[in-house]
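So the structure is just underneath, and the comments pick up after that.
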Amino acid sequence: MNESFGCPCCSGAFDGFLKGVRRTAAAQLPPTLPINRRSFMSGTAALTGLVAALPTWSRAQTAPARIFSGGTILTVDAAFSEAEAIAIRGDRIIAVGSIQDVRAAAGEDAVEVDLAGRTMLPGFIEPHTHVVSGAAVGGIMTNVGISRFGTAAEILDHLRSLVPGTPPGEWILARNFDPALQEGPEALTFAELDAVSTEVPVFVMNASGHLAYANRKAFEAAGIPEDIPDPPGAEFVRDAEGRLTGVMKNNVSFLKVVSAAPAMGRLDPVTALIDLLSDWGRLGLTTVSELALGTLTGSPEDAAIVLGAAASGRLKARIRAYPFYTVGSSAWDEAGIGPGTGDALARITGYKLVADGSNQGFTGLQREPYLGSDSRGTAYMTPEEMTSIALDRAAKGWPLALHANGDAGIDMVLDACEAVRDAGIDMSLIRARIEHCSMLHDDQIARMKDLGVSASFLIGHVHFWGVWMRDRVFGPERVNNLDRCRSVEEAGVGFTLHSDFTVTEPDPLHMIQMAVTRRTWKEPDFVLNPGERISVESAIRAMTSEAAWQLFSDHEVGSLEVGKMADLVILEQDPRRVDPDTIRNIRVLETWMNGDQVFVA
């Protein structure tokens, strides 16, 4: 069962998960877009037409300006300076500084807004999420993960509470059950889920995306007989007597069940993406990312979902997307998709490669075996494959995002980056970043500095899985190498924080708190390696200006400076002035994107 605790998107577990969305997504694109709806996307011509159809996001700069003052304005510029006032006009910041200078720049007709002691920051930026597949799954499945429930019993009680409100014929669909963290059984079998309901089909996906569980009613509704054969590479788990248990391994098996749910047939990934990012305005997010573009449909068609959402005019956050290597480099090239495709709202940014799996799932590639094991994890690519693809992509101008959790996986990534540099490619143009960068040694930090490689930490590894990593995965000494934010900062290596949504929730204030306190969810008094705690200012940078830099958007967002886009968040309190253990409780009062208020509490 160890593989159940992996990462669904980086492992490719969602690869082609909802191939049927192609027809639905195509049907939902704006009618003016030149998309062949029978094939959804037809190579370069269709994508070029889609990009051309994107609305122009530069708004008129002749309207009266708005001046914000009367609170704390953290610009997050190079000096992390505070400003007395800021003015925006249309979609741009036109002045930052003293109230007198800002008024002079804004003009006599400017509208003044009193912050009333509140704190303004640049809009938060999430550099590693999976919004395309996450929106599709999240749009039809209720979240029962660790951010909401601590035990399996609580999950089952919640599912039971949904039964009375479920219309006839509909299913209860849930996601993110994680037995590594949630106390109770390691699997939800017929015994547990039939106790929820024998009349309403119930389906629950494991947090990994590799396993799922259902009640007998769901098997019945899907027409799954007791003697169903196991599909190649997958399994309908049986007990010692050979009877089905309700547990399914690999999406090849559980898709046969969940595909019968009516919600699957109604799924519209474009609208789901729009709705998801509209909801994220409450978190202060104004720019997000897609770090495995192609895994929903198993093809470059995912790009049409992103660009179609942007073309709708209803997208409430910017998207920066990285095509995924499993689709194949040639497929993206033939579709005419390259770095810079899109505009300031939705843009293709870089290319994603994966060295290994997840540490909590015992598939991160390690220099030394896991605790109490002979296993060193799993290489998802050979070093030769990674280097070859990295060289090809970098030579063609693609920035690189390279997933590596284990220390040996990080070695593989750094070797590939060294090969890119030695080939004469300017690393400053590639902005190579190590995704998760979990188990990190001093010698690797030195290599990162030398190569100009930055890190992006899934800081939830410390908070949610820290005790599991200590007790079951690495032991009390090796676990101190996890998410070494302070060490990379002191070495002059840039870093960001991310959620890897849907692995954890994309709450910037909570991620800031995690990095500042490094307290663990399972044992709140246990601080995992206190020496790796960082300041609030550094954590804010990691979710604003540094994230903008990694996403090649630092020229337009990430700080409150003249000429940049008017993406802002207003908080009830200054994160630097509260107890660090309460940062996540600060209320987001307003979120502005492109000069428009997209959320108000």
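- Put simply, the side chain of Ser133 reaches to within 4.5 Å of the side chain of Leu296, judged on heavy atoms.
- The side-chain tip of Arg470 points at the ring of Phe526 from less than 6.0 angstrom away and within 45° of straight on.
- With a 6.0 Å radius and a threshold of 12 heavy atoms from other residues, nucleotides or ligands, Glu477 has its CD atom at or below the threshold.
- His128 is not listed as a side-chain neighbour of Gln550, based on a closest heavy-atom distance of 4.5 Å or more.
- Atoms CD1 and CD1, from Ile534 and Ile459 in turn, are 7.0 Å apart once rounded to the nearest 0.5 Å.
- Counting only distance, with no hydrogens or angles, the side chain of Arg518 and the backbone of Val527 share no donor-acceptor pair below 3.5 Å.
- Geometrically, Arg431 engages Phe552 in a cation-pi contact, judged by NZ or CZ lying under 6.0 Å from the ring centre and within 45° of the ring axis.
- The distance from atom CG of Leu528 to atom CG of Asn480, rounded to the nearest 0.5 Å, is 6.0 Å.
- Within the 4.5 Å cutoff, no side-chain heavy atoms of Glu561 are placed close to those of Val96.
- Glu590 contributes no side-chain N or O that, together with a main-chain N or O of Gln597, makes up a donor-acceptor pair within less than 3.5 Å.
- Residues Ile274 and Ala309 approach most closely at CG1-CB, 3.9 Å, considering heavy atoms.
- Between Trp398 and Tyr351, the ring planes are perpendicular. Angles over 60° get that label, and only those under 30° would be called parallel.
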Any chance you could lay out the side-chain contact (heavy atoms from CB on, under 4.5 Å) test for Leu74 and Asp574, step after step, and finish with the verdict? CA-CA 9 Å; Leu74 303 180; Asp574 184 341; 4.0 Å; yes
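- Sorted by first and then second residue, the pairs that involve residues 572-601 and meet ring pair (Phe, Tyr, Trp, His ring centres under 6.0 Å), not counting sequence neighbours, are Phe68-Trp592.
- Under the rule for a salt bridge (charged side-chain N to carboxylate O under 4.0 Å, His left out), Glu154 has no partner lying at least two apart in sequence or in another chain.
- The minimum heavy-atom distance linking Ala547 with Ile125 is given by the pair CB-CG2, 3.6 Å.
- Using a 4.5 Å cut-off on side-chain heavy atoms (C-beta onward), Ile319 and Leu277 make contact.
- In this structure a side-chain-to-backbone donor-acceptor pair under 3.5 Å is present from Arg541 to Ala78.
- At least one donor-acceptor pair under 3.5 Å links the side chain of Ser289 to the backbone N or O of Pro127.
- If you check the side chains of Ser69 and Glu112, you find no donor sitting under 3.5 Å from an acceptor.
- Between the Thr75 side chain and the Ser81 main chain, a donor and an acceptor come within less than 3.5 Å of each other.
- With respect to the salt-bridge test (charged N to carboxylate O, under 4.0 angstrom), the residues Arg148 and Glu505 do not qualify.
- Scanning both residues, Ile146 and Leu181, for their nearest heavy atoms gives CD1-CD1, 3.1 Å.
- Nearest heavy atom pair, residue Arg118 against residue Leu571, reads CB-O, 3.3 Å.
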Walk me through it: do Val488 and Phe457 pass the test side-chain contact (heavy atoms from CB on, under 4.5 Å)? CA-CA 11 Å; Val488 298; Phe457 296 113; 3.8 Å; yes
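- Ser438 places a side-chain heavy atom less than 4.5 Å from the side chain of Asp483.
- Residues Asn585 and Thr582 have side chains that never bring a donor and an acceptor to within less than 3.5 angstrom of each other.
- A donor-acceptor contact shorter than 3.5 Å links the side chain of Asp567 to the backbone of Asn594.
- The backbone N or O of Ser499 lies less than 3.5 Å from a partner atom in the side chain of Glu126, making a donor-acceptor pair.
- Test Gln360, Met514, Met469 against Phe464 for side chain to side chain contact (heavy atoms under 4.5 Å, CB included) and you get one pass: Met514.
- Ring-plane geometry between Trp280 and Phe501 is classed as perpendicular, the angle between the planes exceeding 60 degrees on a 0 to 90 degree scale with a lower cut at 30.
- Heavy atoms only, all atoms of each residue included: Leu589 and Glu572 are closest at CD1-CA, 3.7 Å.
- Rounding to the nearest 0.5 Å places CZ of Arg89 at 6.5 Å from CG of Asp109.
- In this structure, the side chain of Asp554 does not engage the main chain of Val557 through any donor-acceptor pair within 3.5 Å.
- With values rounded to the nearest 0.5 angstrom, Met427 atom CE is found 10.0 Å from Leu429 atom CG.
- Here the side chain of Arg393 pairs no donor or acceptor atom with the backbone of Leu400 at under 3.5 angstrom.
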Salt bridge (Lys or Arg N to Asp or Glu O under 4.0 Å) between Glu556 and Arg320: does it pass, once the steps are laid out? CA-CA 13 Å; Glu556 56 197 352; Arg320 302 292 178 260; 3.0 Å; yes
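- Counting only heavy atoms from C-beta outward, the side chains of Arg282 and Thr591 never approach each other to under 4.5 Å.
- Considering only heavy atoms from C-beta on, Leu402 comes within 4.5 Å of Cys417 through its side chain.
- Residue Lys522 qualifies as enclosed at atom NZ: its count of foreign heavy atoms under 6.0 Å is above 12.
- Closest heavy-atom contact between Asp356 and Gly406: OD2-N, 2.8 Å.
- Atom-to-atom distance recorded for Leu497:CG and Phe124:CZ is 11.0 Å, nearest 0.5 angstrom.
- Counting heavy atoms from C-beta on, the side chains of Arg433 and Leu551 come closer than 4.5 Å.
- Separation of the His463 and His461 ring centroids does not fall under the 6.0 Å cut-off.
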Please evaluate residues Ile348 and Leu293 with respect to the criterion side-chain contact (heavy atoms from CB on, under 4.5 Å), reporting the C-alpha separation (whole Å), side-chain torsions for both, the decisive distance (0.1 Å), and the verdict. CA-CA 9 Å; Ile348 306 300; Leu293 192 72; 3.7 Å; yes
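- Between the CG atom of Leu291 and the NE2 atom of His130 there is a distance of 5.5 Å, given to the nearest 0.5 Å.
- Applying the side chain to side chain donor-acceptor pair (under 3.5 Å) test to Arg484 and every residue at least two apart in sequence or in another chain returns Asp442, Ser487, Glu532.
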Show the numbers, then the answer: is there a side-chain contact (heavy atoms from CB on, under 4.5 Å) between Ser454 and Trp549? CA-CA 10 Å; Ser454 64; Trp549 183 87; 4.0 Å; yes
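- Between the side chain of Arg318 and the backbone N or O of Ala344, at least one donor-acceptor pair lies under 3.5 Å.
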